[in-house]
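Everything on this sheet refers to the single structure shown next.
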Amino acid sequence: MQNSLENLSEIKLQPQYGLEISGLDLSQPISDEVASYILNKFNQYSVLLFRNQKLDDAQQIAFSRLFGELEQISIMTAATNQYVYRISNIDNREKILAADSNKRKLLNVNTYWHIDSSFKSPPAMASILYGKEIPEDEVTSTAFCSLSHGYDCLSPAQKKRIHNLTCYHDYKRSLKRVNMVELPEYELKNLSACRQPMVHIHPDNSTQCLYLSGHISSIDGLSEEEGEQLLDDLFKTVINTDTLYEHNWQQNDLLIWDNRCVMHRVSNIPAKEIRRVHRTTVRCPAPLIPASATI
Ligand code: OGA
Ligand code: MN
């Protein structure tokens with residue numbers, strides 16, 4: 001099938017963001033015209049869904065490169081390809097992981113609200129997640145929350161308080177939260193940590209966005225207690241808005257999200273059936289632009 005703009009159809013996923021696009025076969029070549037259509041929709045809708053895609057690693061990588069330069073995997077424990085993160089609830093012998101296994105604990109990091117690679121600078125721009133094997137009976141979903149609409153829902157006092165703040169993002173914070181202390185030294189060494197603004201300007205649509213992630217380990221200038229309290233308030237406010245989208249997975253879904261303006265979490269990891277999803281990640285071409293840098 002030749003990919004063209006003529007055969008497309010679009011359905012909104014959620015009133016404020018998210019778009020399902022049908023009529024494209026992403027394993028096939030994408031013309032400049034179709035690529036710029038997809039990039040525009042990505043910047044406008046923040047979450048894109050393409051169903052019924054049949055992609056191998058090379059095809060997923062080729063498609064992902066339309067968005068920019070790919071991140072290399074930092075934790076090879078869960079990968080076999082330097083660009084494709086294989087996320088699954090099974091071990092090397094295809095047995096469902098024991099609850100106390102290291103790999104299962106690593107999966108639990110994704111059950112907390114987060115932004116992918118927020119602990120890197122530049123951080124991740126797009127995550128592209130492919131539903132390779134999705135359970136038939138156990139429901140598995142990924143939840144999203146908009147950080148631009150979420151920002152708009154903050155009170156003027158909250159906005160004023162956080163405008164100039166910077167936060168330290170550290171993946172080790174998330175490892176600690178899931179009681180994972182045994183990551184090998186050579187893995188830990190690949191995990192950077194960095195400062196990010198708490199509010200930034202999305203470079204492609206100019207909206208102000210909160211940059212809120214479970215990887216935040218401290219807020220500059222605040223005590224640990226004050227920092228935890230503020231994060232708690234912010235998470236509660238944005239999660240309680242009407243900007244949630246819960247994606248119920250079907251096999252062969254390709255879901256793309258903009259880490260600059262949505263955060264996400266996996267809602268449930270199946271306990272009995274196999275779930276395999278493959279992620280490629282596109283880097284931001286430049287560090288985030290702090291809202292405080294603009295007038
Ligand atoms: C991720 C992630 C959610 C999921 O890949 O970064 O958070 O549903 N995944 O597996
Ligand atoms: Mn994630």
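Remember, it's 1-based here, ligands and their atoms both numbered in the order they're listed.
- Salt bridge absent: Asp25 and Lys54 never bring a charged side-chain N and a carboxylate O closer than 4.0 Å.
- Between Phe119 and Tyr171, the distance from one ring center to the other falls under 6.0 angstrom.
- Neighbouring protein atoms of the Mn ion (ligand 2) (N, O or S, distance under 2.8 Å, waters ignored): His114 NE2, Asp116 OD1, His264 NE2.
- Here Asp137 does not pair with Lys272 in a salt bridge; the nearest charged N to carboxylate O distance is not below 4.0 Å.
- Arg104 and Asp100 are not joined by a salt bridge, as no carboxylate oxygen comes within less than 4.0 angstrom of a charged side-chain nitrogen.
- Between Arg276 and Glu94, at least one side-chain N (NZ, or NE/NH1/NH2) sits under 4.0 Å from a carboxylate O, which counts as a salt bridge.
- A cation-pi contact links Arg65 to Tyr83, judged by a cut-off of 6.0 Å to the six-membered ring centre and 45° from its axis.
- Every residue two or more places apart in sequence or in another chain was checked for a side-chain contact (heavy atoms from CB on, under 4.5 Å) with Ser206, and none qualifies.
- Applying the ring pair (Phe, Tyr, Trp, His ring centres under 6.0 Å) rule to His114 yields the partners His215, His264; only residues at least two apart in sequence or on another chain are considered.
- Checked against the 6.0 Å centroid threshold, Phe144 and Trp257 count as a close aromatic pair.
- Near ligand 1, residues Ile87, Asn110, His114, Asp116, Leu129, Thr142, His264, Val266, Arg275, Val277, Arg279 come within 4.0 angstrom through at least one heavy atom.
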